[in-house]
Amino acid sequence: MEELAHRWSFRGLQPVMLIGELLGGIGLLVYEVLRCIRRRWEGSLIMAQMEHIGVRSLSIVILTAVFTGMVLALQMGSYLSRFGARPYVGRILALTMLRELGPVLTGLVIAGRVGSGITAELGSMNVTEQIDAMRSMGINPVQKLVFPRMVALMVMLPLLTVLADFVGVLGGLFTSVLELNVSGSFFLRSIIQFMRFGDLFSGLGKSFFFAFSIAMIACYNGLQAEGGADGVGRATTKTVVMSSITILVSDFFLTKLFLLL
Amino acid sequence: MESPGFIHCRNLFRSFGEKAVLRGVNLTVEQGETMVILGGSGTGKSVLLKHMNGLIDPDSGDVFVDGLEISHLGEDELREVRKKVAMVFQGSALFDSLTVAENVAYPLYEHAALSLDGLRDRVEEVLSLVDMEGDGGLYPAEISGGMKKRAALARALALSPRCLLYDEPTTGLDPVMTQRINRLIRDVQRKLGVTSVVVTHDIESAFAVADRLAFLQEGQIRFVGTREETKATSDLALHEFLHGV
């Protein structure tokens with residue numbers, strides 16, 4: 001393909017080659033990570049990453065979810081009032097949070113906070129030859145660095161999503177009671193009656209996929225970073241952009257899939 | 001297949017994109033000797049060195065380590081080779097988040113079945129080999145460039161390798177520290193009998209540590225010889241490189 005592009009002086013194939021290279025690289029990393037499942041699991045490394053990725057992201061996730069819930073209730077309340085449908089605010093808000101905004105917003109926040117951090121860390125290690133040093137000691141960097149981060153993300157992102165769902169609904173409740181004059185008990189009762197477990201699981205299914213994507217994209221970009229601080233900076237930006245796009249695009253297809261199930 | 005020496009590179013070719021870095025390298029490093037690879041910046045010395053423990057695969061050609069052809073081995077299969085062939089990196093490549101002692105203990109923890117006391121003793125032992133007893137608790141950010149190089153050497157020595165690869169071991173060090181590192185490289189070779197390959201463009205260091213020297217230019221080994229043979233070389237490019245004219 002490179003020959004074709006060169007022979008025809010045709011640059012149109014270059015983006016295709018770049019995307020092919022990227023997908024191939026991430027595919028190889030996924031294969032390496034899956035092979036690690038059958039090896040020794042580094043419990044202490046996984047726990048440290050869970051603390052780093054999950055616990056330290058609590059405040060930003062809670063803040064994002066609570067204000068999203070509050071503003072959603074405010075917007076929906078004012079709109080639904082026109083049709084006399086204000087009592088539905090709780091159900092619509094819960095449905096939106098659990099199926100859509102909980103997983104997507106948490107995914108985006110974690111892609112920004114954690115994904116960029118992972119790329120910066122691994123990228124710095126790569127440009128200072130620490131990854132090569134690890135390999136030269138006969139230690140597999142995928143097993144030591146990538147696998148624990150992936151497991152930690154896949155455990156913590158769904159948990160953070162459940163928390164975001166809960167806090168978002170509470171934010172909505174707060175606004176509904178104070179601003180929309182909807183009774184708190186009615187708000188909660190309507191949610192409990194209306195929601196199904198499938199709504200929660202649909203959001204959780206998405207968050208598993210988002211966690212895996214963020215981990216693979218962030219680790220791949222980190223391990224590929226080269227050219228000093230500038231290269232690490234570029235890799236970090238690439239991670240945030242790629243993860244965000246992956247989350248937003250895959251969200252549509254995952255929604256379609258979960259609606260079919 | 002039988003191969004001469006402890007490390008034997010045969011007809012190595014390696015390109016990065018359009019740039020052909022190695023263009024048919026042939027080099028044999030004998031058991032127990034210190035081989036210095038000389039060459040200007042960007043001639044591919046480090047690339048050649050990284051072929052010797054499988055960190056880089058050649059596009060074509062073979063690399064034999066202790067009789068085993070390693071260029072086509074996977075990461076898992078290379079583990080045993082890398083226990084035998086340790087490397088000291090140009091920038092030391094110590095793990096920032098670990099102390100010096102933890103850095104040294106890292107390969108031991110992974111590969112050697114040692115008790116906690118045994119681990120501590122071995123760490124102290126290798127740190128004393130590089131004159132760093134008592135510095136194990138410091139982090140890489142807290143120590144000088146020379147100390148980092150010595151700590152990196154200690155880490156490389158931890159698993160008692162049979163061969164050490166040094167990538168620019170004296171770059172960026174003051175003359176006193178350069179001498180000290182040179183002495184260490186010689187001492188380690190004498191005391192432990194390890195085979196050493198040193199990549200450098202520092203001529204003084206090269207002659208201080210080498211048993212034999214090889215000159216890499218334009219992707220090929222142009223010259224291999226002892227110190228005396230190198231000094232008396234008739235190769236114009238090497239002569240120019242040695243005398244800076």
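In what follows, chains carry the letters A, B, and so on, assigned in the order in which the sequence lines appear, proteins first and then strands, with residues in each chain numbered from 1.
In terms of heavy-atom proximity, A/Met137 sits nearest to B/Arg82 at C-CB, 4.5 Å. When all heavy atoms of A/Asp132 and B/Leu55 are compared, the closest pair comes out as O-CD2, 3.7 Å.
Between chain A and the residues B/Asn53, B/Val81, B/Leu94, B/Val88, the largest count of heavy-atom pairs under 4.5 Å involves B/Leu94. Heavy-atom pairs under 4.5 Å with chain A peak, among B/Glu110, B/Gln90, B/Met87, at B/Glu110.
Proximity to chain A (any heavy atom under 4.5 Å) is restricted, for B/Val85, to the backbone atoms N, CA, C and O. Interface remark: B/Leu165 contributes no atoms to any contact with chain A (heavy atom separation under 4.5 Å). For A/Thr128, the part lying near chain B is the backbone, with the side chain staying farther off; criterion is any non-hydrogen pair under 4.5 Å. Contacts between A/Met125 and chain B at a heavy-atom distance below 4.5 Å involve the side chain alone, from C-beta outward. Neither the backbone nor the side chain of B/Glu80 has a heavy atom closer than 4.5 Å to any heavy atom of chain A.
The salt bridge (Lys or Arg N to Asp or Glu O under 4.0 Å) test with B/Asp76 singles out one residue from A/Arg38, A/Arg135, A/Arg39, and that residue is A/Arg39.
Side-chain atoms of B/Arg79 do not come within 3.5 Å of backbone N or O of A/Ile139 as any donor-acceptor pair.
Under a cut-off of 6.0 angstrom, the local environment of CD in A/Glu21 is sparse, with at most 12 non-hydrogen atoms contributed by other residues, nucleotides or ligands. Within a 6.0 Å sphere centred on CZ of B/Phe13, heavy atoms belonging to other residues, nucleotides or ligands number more than 12. Within 6.0 Å of CD in A/Glu226 there are 12 or fewer heavy atoms belonging to other residues, nucleotides or ligands. Other residues, nucleotides and ligands place more than 12 heavy atoms under 6.0 Å from the CZ atom of B/Phe16. Around the CZ atom of A/Phe166, the shell of radius 6.0 Å holds no more than 12 heavy atoms that belong to other residues, nucleotides or ligands. Heavy-atom neighbours of B/Lys148 NZ from other residues, nucleotides or ligands within 6.0 Å: above the threshold of 12.
Note on B/Lys50 versus A/Glu129: salt bridge recorded, some NZ/NE/NH1/NH2 to OD/OE distance being below 4.0 Å.
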*For A/Arg35 and B/Glu75, run salt bridge (charged side-chain N to carboxylate O under 4.0 Å, His left out): C-alpha distance rounded to whole Å, both residues' side-chain angles, the deciding distance at 0.1 Å, then the answer.*
CA-CA 12 Å; A/Arg35 287 181 63 197; B/Glu75 289 284 312; over 6 Å; no
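A distance of 7.0 Å separates OG in A/Ser136 from CZ in B/Arg155, rounded to the nearest 0.5 Å.
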